[in-house]
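Have a look at the structure below, then the notes.
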Amino acid sequence: DAGVIQSPRHEVTEMGQEVTLRCKPISGHNSLFWYRQTMMRGLELLIYFNNNVPIDDSGMPEDRFSAKMPNASFSTLKIQPSEPRDSAVYFCASTPGAKPSGNTIYFGEGSWLTVV
Amino acid sequence: AQSVTQPDIHITVSEGASLELRCNYSYGATPYLFWYVQSPGQGLQLLLKYFSGDTLVQGIKGFEAEFKRSQSSFNLRKPSVHWSDAAEYFCAVGAAGSARQLTFGSGTQLTVLP
């Protein structure tokens with residue numbers, strides 16, 4: 001079975017540009033997560049969806065960040081405008097069920113973003 | 001609020017030596033506990049998890065972890081480390097019956113010497 005699929009794997013962009021990261025969760029999984037990983041802050045949850053509805057977006061750093069999940073098989077994380085401090089690895093993850101704490105979270109391989 | 005502490009930022013062991021990575025959690029009720037491994041340039045892969053039952057949990061790649069409620073710990077162990085085990089290891093805790101997400105520790109970087 002395919003795992004969580006993220007694109008692009010690597011992106012280098014200039015400050016001020018819009019960045020869109022994409023994620024396809026594992027088929028049948030009801031919950032989807034976006035995490036950000038940096039050396040300074042470790043692994044941070046940005047937002048999580050259950051049945052395509054955003055449940056907790058308290059981790060989204062500011063209005064420049066937005067996430068959507070138009071259907072069960074696709075989600076985007078958008079940064080507009082991007083800044084150098086947004087450079088990080090962004091992970092998408094998914095899990096079956098409505099109570100993610102009780103289920104294994106499956107991670108994608110990450111999108112490595114560098115903003116110059 | 002739940003929290004996870006991994007007190008060792010970096011551990012170095014020789015290949016063939018035993019390994020123990022520490023994890024302490026804070027949560028008032030029954031926790032769900034996980035260990036994930038992240039190889040360079042990769043996402044996180046689940047090694048093992050504890051929900052209930054036997055407090056000694058076996059995982060993939062020869063890893064095991066023991067849940068000790070009295071110590072609020074869930075340490076990861078391996079009797080003989082292989083060079084391919086060099087990676088970063090994350091402990092995570094979830095609240096049983098909660099719809100909230102897992103809380104991850106800050107990670108322990110493992111270096112394996114030949």
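Per chain, numbering begins at 1; letters A, B, ... match sequence-line order. The figures that follow rest on heavy atoms only: side chains count, while hydrogens, waters and symmetry mates do not. Bear in mind that the values here come from a model prediction, so they are computed numbers and not experimental data.
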Which members of residues 61-68 of chain A, sorted by number, sit under 4.5 angstrom from chain B on a heavy-atom basis? none

Tracing side-chain contacts under 4.5 Å among Ile, Leu, Val, Met, Phe, Trp and Tyr outward from B:L113 reaches none

Atom CD1 of residue position B:I9 - does it have more than 12 heavy atoms of other residues, nucleotides or ligands inside 6.0 Å? no

To the nearest 0.5 Å, what is the distance between CD (A:E109) and OG (B:S39)? 10.5 Å

Closest heavy-atom pair, A:I105 versus B:Y36, reported as atoms and distance to 0.1 Å, is O-OH, 2.8 Å

Engaged part of B:Q38 at the chain A interface, taking heavy atoms whose separation is under 4.5 Å: side chain

Measure A:Q37 against the heavy atoms of chain B and call it side chain, backbone, both or neither at under 4.5 Å. side chain

Do the side chains of A:Y35 and A:I79 join up, straight or via other hydrophobic residues, at under 4.5 Å, putting them in one cluster? no

Connected-component partners of A:V12 among ILVMFWY, side-chain separation under 4.5 Å: A:V116

Are A:W34 and A:V89 connected in a single hydrophobic cluster, I mean Ile/Leu/Val/Met/Phe/Trp/Tyr linked by side-chain heavy atoms less than 4.5 Å apart? no

Does A:M69 share a hydrophobic cluster with A:F33, counting links as ILVMFWY side-chain heavy atoms below 4.5 Å and allowing steps through other members? no

Count I, L, V, M, F, W, Y as connected when their side-chain heavy atoms are under 4.5 Å apart, and connections chain through other members. Are B:L47 and B:Y25 then in the same cluster? yes

Qualifying residues under side-chain contact (heavy atoms from CB on, under 4.5 Å), relative to B:P40, sequence neighbours excluded: none

At a heavy-atom separation under 4.5 Å, does A:R9 approach chain B through its side chain, its backbone, both, or neither? side chain

Within one Ile-Leu-Val-Met-Phe-Trp-Tyr cluster: A:L43 and A:L21, side-chain cutoff 4.5 Å: no

Nearest heavy-atom pair of B:L44 and A:F107: which atoms, and what distance? O-CB, 3.5 Å

Is B:L46 close to chain A through its backbone or its side chain, or both, or neither, when contacts mean heavy atoms under 4.5 Å? side chain

